[in-house]
Structures are given as C-alpha cells and as structure tokens.
Amino acid sequence: MSSPRSPMAPPQSFLWTRRVVLTVLAVFALLPVYVMISSSLKPLQDVSGKFQWIPTNLTIRPYFDIWKTVPLAKYFVNSLIVAGAATVLSVVIAVFAAYAVSRYKFRGKRTFTITVLSTQMFPGILFLLPLFLIFVNIGNSTGIELYGSRAGLILTYLTFSLPFSIWMLIGYFDSIPRELDEAAMVDGCGPIRALFQVVVPAAVPGIVAVAVYAFMTAWGEVLFASVMTDDQTRTLAVGLQGYATQNDVYWNQIMAASLVVSVPVVVGFLLLQRYLVAGLTAGAVK
C-alpha cells in the first residue's frame, strides 16, 4: 500500500511538465555541442556534404591540422596574455576602488557610483573610433605604440570590465559587516592591512565572480580585437577567421579549434563554480 502523498508535494502534472521542459532545454543546449564535436571528427568532404548525425569516417586529423593552417598557438598565447592581464588589473583596481566607495564617505560618492554603472548602458562600438584615435595620437606624440599592441588591447578591455567589476564589488563589500574592519583596526591594523586580512578573504566569492567576468569579456571579444591588433598580436576570437580562405572553408578545423579554445573557459568555470554562484548571488541581492 503506497503512502499518502504529502499535501505540500507538487502535483504529478507539474513534475512531468518540468521534466519535459528541462529535457527540451537540455537537448536545445547540447545539440549544437554535438554538431561541433561530430563535425570536428569528420573529413572536410563529409562536413561540406550532406550532414550526417552519425559520422561514418571518424578522424582526429583536424585537431592536428588546426595548428598548421593558422598560427593558432601564437593566437592562443596572445589571448592568454591579454585576458590574464586584463583580469588581474580589473580585480586589483576594482578591489581598491570598491573598498574606498564601500567604507568611506567623500564628496561625489553617489555621482561616481552612478557614473561607473552608467558606462554599461552604451554599446561598445561607440568607443571604437574614439579609442582608435586616442591610441594613434598617443603613438604619434609620445612614441608609445598602443595601437596594434597587447598593451593597447588590455587597456581597451579594462574600459569595459573595470566599471562593472567596481560596481559588483561595491555591493559585495557592503554585505560584509564593517565591525570586522573596526575590530582589525583596534588590533593595530591599518586600512590596507584590514582590507587584505579581513575584507578580501571574506569577499573571495565576489572577487572570483569579477575575475571570471573580466576574463570572459577579454577572451571572447571580437570587435575591438579585429581593429586594435595586427598579425603579431591577433587573438583567438579573430584568428579563427583564418580557417575561411578565398578557396575553401575548413569547417572541420573551425569546429575543432572552437572546442580547443573553449577548454580554458570550461575548466575555469568547473573549478570556480561554487565561488561564482556565491558571488553572483551576493551581487543580485545588492
């Protein structure tokens, strides 16, 4: 004899509807991934012809050819340097700026916060021409070549990731009791020491969320990377276009390269998932 169902349990119709919806969403999300994987394991003639859901001629040759068709290793290094530097700078600057806004009162504090947040309202393409002209003029007047350099691209990405990073960390620092800072200062800590010994350890989830956002912004950006780089500083997002030539499009290599360049992002998400969820939750509460 089956036990009576709890009055708080959802009805069976709701449970089945949820299962069907989740199944459809899972198929919708995983189907493109399957197409990418299967296409990356096919010869070019099979990818260019009629699509087959189950490949008949499996090969891993595209995963070796991707490094020869275009200088993918150089693009990979450029992306790691640019995305890594932009992430570190965004986190370090945002930590100091957000701590100052969260813990101290100063004239123009509210204006500063609103200005930082309002920068996210404008599309990136509006900044493309101004940044291009600024970098060119700096190079002509000082000899410091920012256009076509990794340093220029890092500064470009900071203009997008830094404002959001500051705003997000302000909300996270506000959720940390100020009594912790005061107790640390009573024990002889100065403001900087209290920041690194008390506030930063408590704000690790928020800092990780900011770091992931900054890295993702720099890793997959195409618009500015296609204009602000040259053959030596080109990043992965732009370098993948090299698999499309005037004579042919190497679809199997494009799929293989797309999977390879996604590995750092996927691994990072898996390793930092618990911190990322906690950081985003705190930001949403604020």
Side-chain angles (χ1 to χ4, degrees), residues 26-87 124-125 128 148-154 156-157 160-161 211-273 276:
V27 171
F28 183 78
L30 295 177
L31 188 60
V33 178
Y34 172 77
V35 173
M36 290 178 62
I37 296 175
S38 62
S39 298
S40 68
L41 296 173
K42 296 179 183 178
L44 181 59
Q45 58 270 21
D46 291 356
V47 181
S48 302
K50 184 178 179 180
F51 180 77
Q52 296 178 344
W53 288 101
I54 301 178
T56 55
N57 301 318
L58 293 177
T59 178
I60 60 174
R61 185 70 184 178
Y63 287 91
F64 294 96
D65 293 338
I66 58 176
W67 307 98
K68 303 175 182 178
T69 304
V70 301
L72 190 64
K74 180 171 66 176
Y75 299 157
F76 205 98
V77 172
N78 289 337
S79 291
L80 283 177
I81 294 175
V82 171
T87 300
I125 195 172
L128 180 58
S149 66
R150 293 171 180 167
L153 197 58
I154 292 170
T156 300
Y157 291 155
F160 302 108
S161 60
V212 171
Y213 167 80
F215 186 85
M216 288 289 298
T217 300
W219 187 262
E221 201 280 327
V222 177
L223 176 63
F224 288 88
S226 62
V227 177
M228 299 293 189
T229 59
D230 53 23
D231 293 337
Q232 298 301 319
T233 59
R234 192 164 294 158
T235 59
L236 283 170
V238 181
L240 293 179
Q241 299 176 5
Y243 294 106
T245 64
Q246 294 181 351
N247 300 324
D248 209 344
V249 179
Y250 300 97
W251 290 110
N252 54 346
Q253 295 186 38
I254 292 177
M255 297 297 103
S258 299
L259 291 171
V260 170
V261 303
S262 300
V263 170
V265 178
V266 174
V267 172
F269 265 112
L270 294 177
L271 294 177
L272 304 175
Q273 183 179 10
L276 182 62

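- By the side-chain contact (heavy atoms from CB on, under 4.5 Å) test, Ala151 pairs with Leu146, Ser149, sequence neighbours left out.
- Remark: Phe215 pairs with Trp219 by the ring pair (Phe, Tyr, Trp, His ring centres under 6.0 Å) rule, at least two apart or across chains.
- Remark: Thr229 engages no residue in a side-chain hydrogen bond (donor to acceptor under 3.5 Å, both in side chains) (not counting sequence neighbours).
- With sequence neighbours excluded, the residues satisfying side-chain hydrogen bond (donor to acceptor under 3.5 Å, both in side chains) with Thr69 are Gln253.
- Residue Val77 comes nearest to Arg150 through the heavy atom pair CG1-NH2, 4.4 Å, listed as atom of the first residue, atom of the second, then distance.
- Residues satisfying the side-chain contact (heavy atoms from CB on, under 4.5 Å) test with Pro71, not counting sequence neighbours, are Lys74, Tyr75.
- The side-chain heavy atoms of Leu153 and Thr233, taken from C-beta on, include no pair separated by under 4.5 Å.
- Considering every non-hydrogen atom in both Thr87 and Ala214, the closest pair reads OG1-C, 3.8 Å.
- Ser258 has its side chain within reach of Met36: a pair of non-hydrogen atoms, C-beta onward, lies under 4.5 Å apart.
- Applying the salt bridge (Lys or Arg N to Asp or Glu O under 4.0 Å) rule to pairs touching residues 54-71 yields Arg61-Asp65, sequence neighbours excluded.
- Contact check for Val260 versus Ile66: side-chain heavy atoms found under the 4.5 Å cut-off.
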Check: residues 234-242 side-chain donor-acceptor pairs under 3.5 Å, at least two apart:
from, atom 1, to, atom 2, distance (Å)
Arg234, NH1, Asp231, OD1, 3.3
Arg234, NH2, Asp231, OD1, 2.8

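- Residues meeting the side-chain hydrogen bond (donor to acceptor under 3.5 Å, both in side chains) test with Ser79, sequence neighbours left out: none.
- In terms of the side-chain hydrogen bond (donor to acceptor under 3.5 Å, both in side chains) criterion, Tyr34 has no residue partners (sequence neighbours excluded).
- Between Ser161 and Tyr213 the shortest side-chain heavy-atom distance falls below 4.5 Å.
- The side-chain contact (heavy atoms from CB on, under 4.5 Å) search around Ala85 returns Ile154, not counting sequence neighbours.
- In this structure a side-chain-to-backbone donor-acceptor pair under 3.5 Å is missing from Gln45 to Val47.
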Point to revise | Test side-chain contact (heavy atoms from CB on, under 4.5 Å) applied to Lys42 and Asn57, step by step | key: CA-CA 6 Å; Lys42 296 179 183 178; Asn57 301 318; over 6 Å; no
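- Nearest heavy atoms, Ala83 versus Ala218: CA-CB, 3.7 Å.
- The side-chain contact (heavy atoms from CB on, under 4.5 Å) search around Phe64 returns Ile60, not counting sequence neighbours.
- Annotation: the span from Leu41 atom CG to Met255 atom CE amounts to 12.0 Å, rounded to 0.5 Å.
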**Study point:** side-chain contact (heavy atoms from CB on, under 4.5 Å) between Leu72 and Tyr243, intermediate numbers included
**Key:** CA-CA 10 Å; Leu72 190 64; Tyr243 294 106; 3.8 Å; yes
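- Among residues two or more places apart in sequence or in another chain, the ring pair (Phe, Tyr, Trp, His ring centres under 6.0 Å) test is passed with Tyr157 by none.
- The shortest distance between side-chain heavy atoms of Trp53 and Val35 falls below 4.5 Å.
- The minimum heavy-atom distance between Leu259 and Ser40, with the atom names listed, is CD1-OG, 3.7 Å.
- Once rounded to the nearest 0.5 Å, the distance linking OG of Ser39 with CG of Leu44 reads 11.0 Å.
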